Amino acid sequence: MKIKYVIDKAEAKRKGYHKNSRGTYINKSVLDKYYEQGYLDLSGSEYCAEDRKQAGERLAHDYYLSHYNSLKSPILAVNIIPTTGESGMDVAMFFRERYINALRHVPYEFWPVVRLVCIEDKELKGDDECEKKTLRSKNSIFYKKMLLNLGLDRLFKFYSKKIEKSS
């Protein structure tokens, strides 16, 4: 038997949940939180915060639809998509190739931060875990958020080229 916990609207908002288009409350991703807090705004860049957010969401979408860790699954190989007639393995390979190509467009220095936020959905933390209020820790978090923005810029550039080619 599954136990369901019910919380009221005020408690859901306090815990960071938001209402989606279907009217249910879901938890916000770290990328959504950073977008709302204004951390994805970078002055002097040709891309806006919305572009960076879309690029991060597209990367996560490609990663999860690629079934990156389970391509040898027999269920995936048998699964047929009814609208296109393609097997689940073919679709997963398409998304896997696009994910790997996106990964190649993000420099090595930016990749750990982009992966942490977009795919693992974890918040950025400073180098000094013992003393969170130190100036060094704050500078480290600022530096990582700058790397995140630069990496998302590269991702948006990659995905916008893909959209132009398909049009």
Side-chain angles (χ1 to χ4, degrees), residues 4-71 91-92 94-163:
K4 294 183 179 179
Y5 295 99
V6 179
I7 58 175
D8 61 346
K9 290 180 184 179
E11 181 72 14
K13 287 186 179 182
R14 188 183 67 76
K15 289 187 174 183
Y17 289 82
H18 72 284
K19 202 174 205 178
N20 65 4
S21 60
R22 289 184 258 156
T24 58
Y25 284 92
I26 58 172
N27 199 3
K28 293 180 185 176
S29 68
V30 173
L31 195 64
D32 286 333
K33 290 177 187 175
Y34 285 170
Y35 173 73
E36 289 176 358
Q37 293 171 355
Y39 292 135
L40 297 182
D41 289 326
L42 185 64
S43 62
S45 177
E46 59 185 293
Y47 305 113
C48 65
E50 182 68 31
D51 295 338
R52 290 185 187 92
K53 181 182 170 205
Q54 287 176 357
E57 289 171 348
R58 173 74 62 90
L59 179 73
H61 180 261
D62 288 348
Y63 178 79
Y64 289 117
L65 289 181
S66 70
H67 300 283
Y68 201 82
N69 295 327
S70 61
L71 281 178
V91 172
F94 168 76
F95 285 110
R96 184 177 187 177
E97 286 176 17
R98 193 162 74 175
Y99 169 75
I100 290 172
N101 287 335
L103 184 134
R104 288 182 184 144
H105 281 76
V106 177
Y108 177 76
E109 298 83 20
F110 306 157
W111 179 245
V113 176
V114 171
R115 179 176 172 76
L116 187 73
V117 172
C118 297
I119 295 174
E120 295 178 16
D121 198 33
K122 294 181 181 176
E123 292 200 29
L124 299 173
K125 296 182 180 176
D127 293 334
D128 296 332
E129 292 300 312
C130 300
E131 301 177 34
K132 294 183 179 181
K133 301 286 184 185
T134 63
L135 184 61
R136 179 178 176 189
S137 178
K138 289 179 183 178
N139 286 340
S140 174
I141 292 171
F142 177 77
Y143 175 71
K144 288 179 181 179
K145 288 178 182 173
M146 185 66 72
L147 292 179
L148 173 68
N149 283 327
L150 294 173
L152 291 175
D153 282 351
R154 301 285 176 93
L155 279 175
F156 184 76
K157 193 179 296 185
F158 167 74
Y159 283 123
S160 62
K161 286 180 184 176
K162 288 290 183 182
I163 292 170

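Remember, it's a predicted structure, so these values are computed and weren't measured experimentally. In this chain, residues are counted from 1 in sequence order.
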Using the test side-chain hydrogen bond (donor to acceptor under 3.5 Å, both in side chains), find all partners of Asp62 that sit at least two apart in sequence or belong to another chain.
-> Arg98, Tyr159
Given side chains that start at C-beta, do those of [X] and [Y] come closer than 4.5 Å, heavy atoms only?
| X | Y | result |
| --- | --- | --- |
| Cys118 | Leu152 | yes |
| Arg58 | Phe156 | no |
| Glu123 | Lys33 | yes |
| Glu50 | Gln54 | yes |
| Arg52 | Asn149 | yes |
| Lys157 | His105 | no |

Can you tell me how far [atom2] of [Y] sits from [atom1] of [X], rounded to the nearest 0.5 angstrom?
| X | Y | atom1 | atom2 | answer |
| --- | --- | --- | --- | --- |
| Leu103 | Phe158 | CG | CZ | 10.0 Å |
| Gln37 | Asp41 | CD | CG | 11.5 Å |
| Tyr35 | Leu31 | OH | CG | 10.5 Å |

Any idea which heavy atoms bring [X] and [Y] closest together, and the distance?
| X | Y | value |
| --- | --- | --- |
| Pro107 | Arg154 | CG-NH1, 2.9 Å |
| Ile119 | Tyr64 | O-OH, 2.6 Å |
| Ala102 | Leu59 | CB-CD1, 4.1 Å |

Give a yes or no answer on whether the side chain of Lys144 reaches the backbone of Lys125 with a donor-acceptor pair at less than 3.5 Å.
->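 Confirmed, Lys144 side chain pairs with Lys125 backbone.
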Hey, does the side chain of Asp51 reach the backbone of Tyr47 with a donor-acceptor pair shorter than 3.5 angstrom?
-> no
side-chain contact (heavy atoms from CB on, under 4.5 Å) between Tyr143 and Asn139: does it pass, once the steps are laid out?
-> CA-CA 6 Å; Tyr143 175 71; Asn139 286 340; over 6 Å; no
side-chain contact (heavy atoms from CB on, under 4.5 Å), paired with Leu148, selected from Val30, Val114, Leu116 =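 Output: one option passes, namely Val114.
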Return the orientation label for the Tyr39 and Tyr34 ring planes: parallel under 30°, perpendicular over 60°, tilted otherwise.
->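 Ring orientation, 0 to 90° scale: perpendicular.
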Qualifying residues under salt bridge (charged side-chain N to carboxylate O under 4.0 Å, His left out), relative to Lys53, sequence neighbours excluded =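 Lys53 satisfies salt bridge (charged side-chain N to carboxylate O under 4.0 Å, His left out) with Asp32, Glu57 once adjacent residues are dropped.
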